[in-house]
Amino acid sequence: DNREVDGKRAIDYFLDDKKITDPYVLADMKLAADTPADVILFNIDSKSEIQGKQRKDAIVSVLLRVFNGRQGFCESNSVIADLERSLSEKGLYDKFKTEFESINGSPWVEARNEFDFIQDDVVDALIAIEFMSEEAARNWCEKAMDGIDRKSIEDFAKLIKRYIDQQGENHHVVFLIDEIGQYIGDSRDLMLNLQTVTEDLGTACQGKAWIIVTSQQDIDSITKVKGNDFSKIQGRFNTRLSLS
């Protein structure tokens with residue numbers, strides 16, 4: 001992210017203190033710092049739904065949640081997030097939020113988490129900004145009540161690709177997933193889900209979407225415990241760093 005901390009950018013701490021002497025490493029660090037990116041850091045267990053780990057698509061669901069949250073859209077309901085994204089792309093999101101607050105009295109970002117109780121106000125706001133007819137808005141509300149719009153991994157990769165293209169200027173998206181080993185445990189389904197997400201993001205985004213994971217255990221010790229299952233994933237994560 002190259003954030004500013006105490007008046008200095010992250011990269012400046014390395015440059016000013018002469019911590020790095022290899023000019024090639026420094027050049028790579030400067031390139032990384034100068035590349036515009038959304039860096040999304042999260043602990044996967046804390047962002048997962050209560051029953052999330054039982055689902056085969058758990059990892060892509062969590063990635064979708066945090067990606068929606070990063071853009072200011074609803075994390076807890078992907079159907080609502082898709083509406084917000086569509087409104088935003090058409091330049092109507094701010095108008096919708098203003099209209100909703102004038103009808104409901106509460107800001108949209110606060111009220112959306114209690115969607116069950118605000119449906120009529122949402123319908124009225126969508127009609128007022130001429131985004132939907134009443135019938136279409138009612139039908140959408142029924143879908144949003146269910147809250148389940150499970151995107152395939154391919155759809156998720158296309159969503160990230162579209163976002164990256166909209167940003168332009170060689171924009172990147174970086175998912176930093178903390179404690180992945182503990183979350184996956186010995187689940188073959190979750191391992192496969194992580195493997196496929198990484199593959200599809202790489203294919204769709206051509207190197208502009210990164211997944212970086214941390215694990216308490218050394219990756220080799222996990223491999224010994226899990227046998228050949230985990231070794232399949234290692235090929236998708238070529239760069240390995242010991243953080244000890």
Side-chain angles (χ1 to χ4, degrees), residues 37-71 73-82 85 113 143 146-164 172-244:
D38 283 285
V39 182
I40 308 168
L41 169 66
F42 60 100
N43 181 305
I44 190 163
D45 211 26
S46 67
K47 286 290 184 181
S48 179
E49 297 168 9
I50 295 171
Q51 300 297 326
K53 286 174 75 170
Q54 276 67 53
R55 289 180 13 211
K56 291 182 178 181
D57 62 348
I59 290 175
V60 73
S61 295
V62 176
L63 290 178
L64 180 61
R65 283 168 68 97
V66 297
F67 179 67
N68 285 337
R70 172 71 182 207
Q71 294 180 272
F73 302 145
C74 184
E75 277 193 34
S76 58
N77 188 316
S78 64
V79 181
I80 294 174
D82 284 341
R85 184 176 290 106
N113 292 321
K143 186 180 178 186
D146 185 24
I148 299 171
D149 180 27
R150 288 178 184 155
K151 284 182 168 50
S152 68
I153 294 173
E154 186 180 9
D155 289 339
F156 173 71
K158 287 178 181 175
L159 178 68
I160 302 295
K161 172 77 164 66
R162 194 172 86 199
Y163 172 76
I164 288 171
H172 283 51
V173 172
V174 183
F175 293 100
L176 281 154
I177 310 176
D178 201 19
E179 296 298 352
I180 193 73
Q182 184 177 315
Y183 183 77
I184 286 178
D186 57 2
S187 169
R188 187 176 273 184
D189 289 335
L190 292 180
M191 287 181 198
L192 181 61
N193 200 222
L194 176 63
Q195 180 183 333
T196 311
V197 169
T198 310
E199 283 177 2
D200 281 24
L201 277 179
T203 303
C205 303
Q206 298 175 321
K208 291 184 179 179
W210 282 65
I211 292 182
I212 300 171
V213 300
T214 71
S215 180
Q216 288 281 4
Q217 296 162 279
D218 185 277
I219 198 158
D220 293 328
S221 67
I222 296 175
T223 307
K224 286 168 191 165
V225 174
K226 309 294 184 273
N228 292 327
D229 286 335
F230 209 94
S231 64
K232 294 173 187 173
I233 291 182
Q234 292 191 78
R236 308 295 178 275
F237 291 86
N238 293 321
T239 307
R240 289 175 224 163
L241 305 170
S242 171
L243 302 182
S244 56

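Just the heavy atoms: all of them, side chains too, but no hydrogens, waters or symmetry mates, feed the values below.
Going from atom CD of E154 over to atom OG1 of T203 covers 10.0 Å, rounded to the nearest 0.5 Å. Residue D57 holds its CG atom at 9.5 Å from CG of L190, rounded to the nearest 0.5 Å. In this structure, OG1 in T214 is found 9.5 Å from CD in Q182, a value given to the nearest 0.5 Å. Between I160 atom CD1 and R162 atom CZ the span is 10.5 Å, to the nearest 0.5 Å. We find the CD1-OG1 distance between I153 and T196 to be 4.5 Å, quoted to the nearest 0.5 Å. Going from atom CG of L201 over to atom CD of Q206 covers 12.5 Å, rounded to the nearest 0.5 Å.
You'll find the side chain of F42 reaches within 4.5 Å of the side chain of I177, heavy atoms only. Residues K143 and D82 fail the side-chain proximity criterion, which asks for heavy atoms closer than 4.5 Å. At a threshold of 4.5 Å between non-hydrogen side-chain atoms, the residues C74 and N113 count as touching. Within the 4.5 Å cutoff, side-chain heavy atoms of L63 are placed close to those of I211. Residues I59 and Y183 have side chains in contact (heavy-atom distance under 4.5 Å, counting atoms from C-beta outward). With contacts defined as side-chain heavy-atom distances shorter than 4.5 Å, the pair I180/I44 qualifies. A heavy-atom distance below 4.5 Å is found between the side chains of R85 and L159. Counting heavy atoms from C-beta on, the side chains of I164 and D38 never come closer than 4.5 Å.
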- Message: I'd like to know whether D45 forms a side chain to side chain contact (heavy atoms under 4.5 Å, CB included) with E179, so could you lay out the CA-CA distance, the side-chain angles of the two residues, the decisive distance to 0.1 Å, and finally the verdict.
- Response: CA-CA 8 Å; D45 211 26; E179 296 298 352; over 6 Å; no

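Of all the heavy atoms in R65 and K47, the pair that sits closest is NE-O, 3.1 Å. Here the closest non-hydrogen pair linking A58 and N193 is N-OD1, 3.5 Å. Nearest heavy atom pair, residue G181 against residue S215, reads CA-OG, 3.6 Å. The two residues D200 and A157 have their closest heavy-atom pair at O-CB, 3.7 Å.
Ring-plane geometry between Y163 and F67 is classed as perpendicular, the angle between the planes exceeding 60 degrees on a 0 to 90 degree scale with a lower cut at 30.
The number of heavy-atom neighbours closer than 6.0 Å to CD of Q71, taken from other residues, nucleotides and ligands shown, is above 12.
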